[in-house]
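Have a look at the structure below before the remarks.
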Amino acid sequence: MLGYLAAAILVAGGVWWAVDWFSTPRVVVTRAATGPVVEAFYATGTVRPVREFPVRAPSGGTLEKVLVDKGDRVKAGQEVAVVVDPVLQYALDRAQAELSEKRKRAEAKQSPVLGEFDARIGAMGEMVATARREVDRMEAMTLTQAASIVDRDRAADLWQTRISEQASLVAQRQAKQYELQREAEVAQAEYDAALWNLQQQTLKAPVDGAVLDRPISRGTRVAVNDAVMRIADVRPSELVMRAAVDEEDVTKVRVGQTVRMSLYSFPGQPISGKVRQIYDEADASRRTFEIDVAFDRAEEKLAPGMTGELAFVIDEKPSALIVPSTALQAGKVHVVRDGKLAAADVRVGLRSFDRVEITSGITADDAVVVTPLGGLPAGRRVRTTVADIETLIAAESTAQGRGEGGVFKGMR
């Protein structure tokens with residue numbers, strides 16, 4: 001009889017244990033740890049030259065020569081293409097002919113216009129001399145009463161008239177000479193402009209750099225201001241990471257702000273930089289702002305077009321009490337004390353995507369819950385499974401797409 005009773009007690013105890021085991025919720029807990037924490041927001045970016053220079057056709061015409069190709073290195077002023085427009089050559093030839101004529105007309109020794117004035121002035125000089133001799137003759141005849149005073153005065157008036165006419169011719173010649181000089185200067189300016197327009201058909205590299213894209217094919221008809229190719233300075237020191245920052249984050253950006261970057265071309269290699277420029281206007285279709293980040297140290301193999309992720313650092317601490325980000329649920333942190341669930345009265349500091357700083361409310365000895373609680377109330381008895389905090393943080397990094405080689409690997 002006692003044996004049956006003992007067996008019943010054992011069965012009942014086993015049933016109670018099983019019911020208790022399966023009915024008591026199980027949660028994963030971890031211990032808070034001391035470590036670095038960084039609060040940041042994230043963006044993607046592409047390595048770009050600080051500025052690209054499109055080489056454009058200043059006039060319409062046919063692309064007769066293409067002297068470089070995509071990827072070629074060029075020097076500032078180097079000829080890269082030639083656009084030909086016969087109209088410009090005609091304009092230059094015409095301007096040159098006009099200039100030659102205007103120069104000859106303005107040249108004192110060979111100008112037919114000024115030569116005509118010189119001849120008229122010379123003839124008028126002879127007339128002035130003749131009138132002067134007539135005055136002298138009338139003066140002598142007046143003394144002998146062979147001529148009247150009226151005759152003498154008439155001769156004097158004619159002499160003065162001839163002098164006035166001669167002075168007028170001299171002034172007219174001077175004015176005409178100024179006019180011819182002006183016409184020659186205008187013709188020179190027109191020739192210079194026509195020559196400049198013709199010279200612009202030879203397209204030159206604006207800076208030392210590389211051809212970024214494949215130029216337009218030879219023989220293509222181009223219009224005024226058509227882009228033939230793009231050139232930029234692609235030295236690593238002249239490259240920036242151009243990030244696309246969401247509009248809700250752009251107010252957190254400031255010039256000089258620290259940025260941690262991870263480029264897919266340099267896996268596992270943390271790269272740092274500083275915000276160099278914030279562009280004022282957003283991309284309306286993407287609702288993002290462009291931000292240029294200058295590299296603290298440019299890698300030798302850095303090249304335009306490389307992409308990566310950026311973490312714009314808002315604040316960071318080298319040492320703080322941290323828990324995994326999954327421990328913060330609906331703004332609260334729960335712990336297990338004496339086998340029961342309790343809401344800790346914590347104050348939260350910095351937050352990153354995988355960890356949260358706790359400034360007060362828990363200690364490193366507390367078992368912090370990291371699994372979703374659903375509707376479990378405080379005071380509920382729970383069972384626990386202890387997990388290593390570093391493992392949990394690493395798992396969160398992988399879940400966020402920032403695992404091995406990710407943005408924050410270089411931030412810890």
Side-chain angles (χ1 to χ4, degrees), residues 14 16-42 260-262 264 267-270 309-412:
W16 178 85
W17 180 86
V19 170
D20 181 68
W21 177 266
F22 287 106
S23 63
T24 302
R26 180 172 295 276
V27 296
V28 178
V29 298
T30 190
R31 305 293 178 181
T34 299
V37 61
V38 178
E39 183 170 346
F41 65 88
Y42 314 101
R260 309 284 170 77
M261 293 170 279
S262 175
Y264 303 124
Q269 182 175 340
E309 300 178 7
L310 301 89
F312 289 79
V313 177
I314 299 173
D315 198 0
E316 60 183 326
K317 291 182 180 179
S319 180
L321 187 65
I322 58 172
V323 296
S325 59
T326 51
L328 188 64
Q329 303 180 42
K332 295 182 179 180
V333 173
H334 291 78
V335 296
V336 176
R337 292 172 179 161
D338 299 326
K340 295 181 180 180
L341 192 65
D345 184 18
V346 298
R347 295 184 64 181
V348 176
L350 303 184
R351 306 182 191 185
S352 73
F353 70 90
D354 62 355
R355 62 187 69 190
V356 176
E357 177 194 12
I358 304 299
T359 60
S360 66
I362 63 171
T363 66
D365 295 327
D366 283 318
V368 179
V369 178
V370 294
T371 51
L373 294 177
L376 290 180
R380 179 67 183 269
R381 188 168 179 272
V382 294
R383 296 183 181 278
T384 61
T385 298
V386 179
D388 178 65
I389 186 172
E390 290 296 332
T391 302
L392 293 171
I393 288 177
E396 182 65 17
S397 297
T398 302
Q400 293 287 339
R402 294 180 173 87
E404 188 69 21
V407 171
F408 277 94
K409 184 169 181 63
M411 298 175 68
R412 295 179 180 141

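These numbers come from the heavy atoms of this one structure, side chains and all, not from hydrogens, waters or symmetry mates.
Counting only residues at least two apart or in different chains, ring-ring contact (aromatic ring centres under 6.0 Å, His included) contacts with residues 311-343 comprise Phe41-Phe312. Here salt bridge (Lys or Arg N to Asp or Glu O under 4.0 Å) pairs that include residues 366-376, with residues two or more places apart or in two chains, are Arg337-Asp366. Under the ring-ring contact (aromatic ring centres under 6.0 Å, His included) criterion, no residue pair touches residues 363-384, with sequence neighbours excluded.
For Thr363, there are no side chain to side chain donor-acceptor pair (under 3.5 Å) partners, not counting sequence neighbours. Under the side chain to side chain donor-acceptor pair (under 3.5 Å) criterion, Ser319 pairs with no residue at all, not counting sequence neighbours. Asp315 meets the side-chain contact (heavy atoms from CB on, under 4.5 Å) test with Leu350; sequence neighbours excluded. Looking at residues two or more places apart in sequence or on another chain, you find a side chain to side chain donor-acceptor pair (under 3.5 Å) between Lys317 and Glu357.
Annotation: the span from Arg347 atom CZ to Asp345 atom CG amounts to 9.5 Å, rounded to 0.5 Å.
Of all heavy-atom pairs between Arg26 and Thr384, the closest is NH1-O, 3.4 Å. The minimum heavy-atom distance linking Pro267 with Tyr264 is given by the pair CD-O, 3.6 Å. Closest non-hydrogen pair, Pro377 versus Leu341, comes out as O-CD2, 3.6 Å. Listed here is the closest heavy atom pair of Ala344 and Val335: CB-CG1, 4.2 Å. Nearest heavy atoms, Val313 versus Arg260: CG2-CG, 3.9 Å.
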Can you give me every donor-acceptor pair (side chain of residues 321-333, partner residue at least two apart or in another chain, under 3.5 Å) with its distance?
from, atom 1, to, atom 2, distance (Å)
Ser325, OG, Phe353, O, 3.1
Gln329, OE1, Leu373, N, 3.2
Gln329, NE2, Thr371, O, 2.9

May I have the list of side-chain donor-acceptor pairs in residues 27-37 shorter than 3.5 Å, sequence neighbours left out?
from, atom 1, to, atom 2, distance (Å)
Thr30, OG1, Ala387, O, 2.7
Thr30, OG1, Ile389, N, 3.3
Arg31, NH1, Asp365, O, 2.4

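Judged by distance alone, the side chain of Asp388 and the main-chain N or O of Glu390 form a donor-acceptor pair under 3.5 Å.
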